[in-house]
Amino acid sequence: MDEMGNYTLHRDFQLLGFLRYKNLQLVIFISVLWMYLFTLCANLVIIILVCLVPQLHTPMYFFLSKLSVQDIIYVTAILPKLIDITLTGDNRISYTGCITQMFLYLLCLTLEFLLLTFMAYDRYVAICIPMRYCIIMKKSLCVSLAAVSWLIAAPNSMMYCWLVSKLIFCGDQKINHFFCELKTLLEISCSNTKHIRILINVIGLLFGALPFVLILTSYACIISSVLKISSTERKFKVFSSCFSHITFLFYTVGHQ
């Protein structure tokens, strides 16, 4: 542990989370455990089906399987520690564990927005310019887009971890959250975090607001194209092809 007077560079943090609800610890433990196992199994089933069923070897399900991988990483980074806290009552998390948790959370958050954007583009091409779909959405493009999402998300997350590692923390280092979230870490730091907060807003606009606008634009074009279809049956078929993407989109908005 490196200390500077009352300031601390590296020391265990305390996750306050749900500890205030001491009478509900068993209920929280069972709920979180069930949530983790269900999410894990559901996403593994999606990945296995996409790999084994030839009919699912399409760009949309390719991106869906990558979202499932991301979701597994996301819940595994956060929920097992929460389960341990509710079971043992020990709410400490090491400095390294906290930074790792923050890295994986930011990684998954960025990946999710990028992959959802690529899925929206896939649906746009499939519905608005179907004659060119096979030419545009080739396997090589899908793999490249998936790789690009990782190449963007990983350095972005590493940058934040590096910035946080330079901060000095003071007091008892209690985090008012159930995991190591970036903004909560900034709140308990004794260092000047203004530059990091500005960066969060800029990066948030780039990797949050911009993908959201692109998704909305894609669906505006899709809806416009669907409204031109005279057959109700064909309209339903087109909208049903977007169901997976829309489901993940609402899930993303709901759990952020």
Side-chain angles (χ1 to χ4, degrees), residues 32 35-51 56 58-82 99-125 137 141-161 177-185 199-219 222 241-256:
V32 175
M35 187 190 306
Y36 177 59
L37 293 176
F38 176 80
T39 304
L40 200 65
C41 293
N43 282 295
L44 283 173
V45 168
I46 291 173
I47 294 168
I48 292 169
L49 287 175
V50 171
C51 290
L56 300 182
T58 63
M60 182 180 69
Y61 287 105
F62 171 80
F63 290 123
L64 186 62
S65 67
K66 304 310 172 192
L67 273 172
S68 293
V69 171
Q70 166 270 318
D71 207 35
I72 288 173
I73 297 172
Y74 175 81
V75 296
T76 302
I78 296 173
L79 296 188
K81 182 58 183 177
L82 181 56
I99 294 295
T100 302
Q101 198 177 65
M102 185 184 71
F103 170 79
L104 292 174
Y105 170 74
L106 293 172
L107 173 74
C108 291
L109 190 64
T110 309
L111 278 174
E112 196 162 35
F113 279 115
L114 292 174
L115 289 171
L116 285 170
T117 305
F118 297 149
M119 284 183 75
Y121 177 69
D122 168 70
R123 292 299 84 204
Y124 163 76
V125 176
M137 298 303 297
L141 177 64
C142 296
V143 172
S144 298
L145 290 175
V148 165
S149 66
W150 279 89
L151 291 173
I152 292 174
N156 178 59
S157 303
M158 289 175 65
M159 175 192 66
Y160 282 120
C161 291
H177 214 308
F178 59 87
F179 73 100
C180 292
E181 198 263 339
L182 176 58
K183 290 183 179 179
T184 56
L185 285 173
L199 192 61
I200 290 173
N201 292 331
V202 174
I203 299 295
L205 285 172
L206 185 61
F207 295 143
L210 182 59
F212 186 68
V213 170
L214 292 174
I215 290 170
L216 287 180
T217 303
S218 297
Y219 272 95
I222 289 171
S241 70
C242 303
F243 180 75
S244 298
H245 180 247
I246 294 172
T247 301
F248 254 96
L249 192 58
F250 277 106
Y251 170 73
T252 301
V253 173
H255 83 274
Q256 296 310 330

**Study point:** Qualifying residues under side-chain hydrogen bond (donor to acceptor under 3.5 Å, both in side chains), relative to Tyr36, sequence neighbours excluded
**Key:** Thr76
Review point. To the nearest 0.5 Å, how far apart are CD1 in Ile152 and CG in Leu107?
Key: 12.0 Å
Review point. Got a sec, which residues hit ring-ring contact (aromatic ring centres under 6.0 Å, His included) with Phe178, two or more places apart in sequence or on another chain?
Key: Phe18
Check your understanding: If you measure from CG on Leu115 to OG1 on Thr110, what distance do you get to the nearest 0.5 Å?
Key -> 10.5 Å
Revision key, fill the gap. Separation between SG (Cys142) and CZ (Phe63), nearest 0.5 Å, reads 4.0 Å
Check your understanding: Val213 pairs by side-chain contact (heavy atoms from CB on, under 4.5 Å) with which of Ile215, Leu216, Thr217?
Key -> Thr217
Revision key, fill the gap. Side chain to side chain contact (heavy atoms under 4.5 Å, CB included) filter on Cys161, not counting sequence neighbours, yields Ile99, Met102, Phe103
Review point. In chain order, what residues pass the disulfide bond (SG atoms under 2.5 Å apart) check against Cys180, with sequence neighbours excluded?
Key: Cys98
Check your understanding: Is there a side-chain contact between Phe113 and Leu210, using heavy atoms and a 4.5 Å cut-off?
Key -> no
Check your understanding: Do you know the tightest heavy-atom contact between Asp122 and Pro59?
Key -> OD1-CB, 3.3 Å
Check your understanding: Between Asn43 (side chain) and Thr39 (backbone), is there a donor-acceptor pair under 3.5 Å?
Key -> yes
Exercise for review: Starting from the C-alpha separation in whole Å, work towards a yes-or-no answer on side chain to side chain contact (heavy atoms under 4.5 Å, CB included) for Leu214 and Tyr121.
Suggested key: CA-CA 8 Å; Leu214 292 174; Tyr121 177 69; over 6 Å; no
Exercise for review: Give, for atom CD1 of Ile48 and atom CG of Leu56, the distance between the pair rounded to the nearest 0.5 Å.
Suggested key: 13.0 Å
Review point. Going by heavy atoms in the side chains, are Leu111 and Trp150 under 4.5 Å from each other?
Key: yes
Check your understanding: Rounded to the nearest 0.5 Å, how far apart are CG of Leu106 and OH of Tyr160?
Key -> 7.5 Å
Check your understanding: With a 4.5 Å heavy-atom cut-off, do Leu116 and Phe212 have their side chains touching?
Key -> no
**Study point:** Note, Leu182 side chain near Tyr105 side chain (heavy atom, < 4.5 Å)
**Key:** no
**Study point:** Considering all heavy atoms, the nearest Gln70-Cys108 contact
**Key:** O-SG, 3.4 Å
Revision key, fill the gap. His177 and Glu181 have their tightest heavy-atom pair at CD2-CB, 4.0 Å
Exercise for review: Indicate yes or no: at least one non-hydrogen side-chain atom of Ile72 is less than 4.5 angstrom from one of Ile47.
Suggested key: yes
Review point. How about Met158: does its CE atom have over 12 heavy atoms from other parts shown lying under 6.0 Å from it?
Key: no
Point to revise | Under the side chain to side chain contact (heavy atoms under 4.5 Å, CB included) test, residues paired with Ser144 that sit two or more places apart | key: none
Study note, to complete from the structure: Those residues at least two apart in sequence (or on a different chain) that pass side chain to side chain contact (heavy atoms under 4.5 Å, CB included) with Leu141 are Ile136, Met137, Leu145
**Study point:** From CZ (Phe207) to CG (Leu114), nearest 0.5 Å
**Key:** 6.5 Å
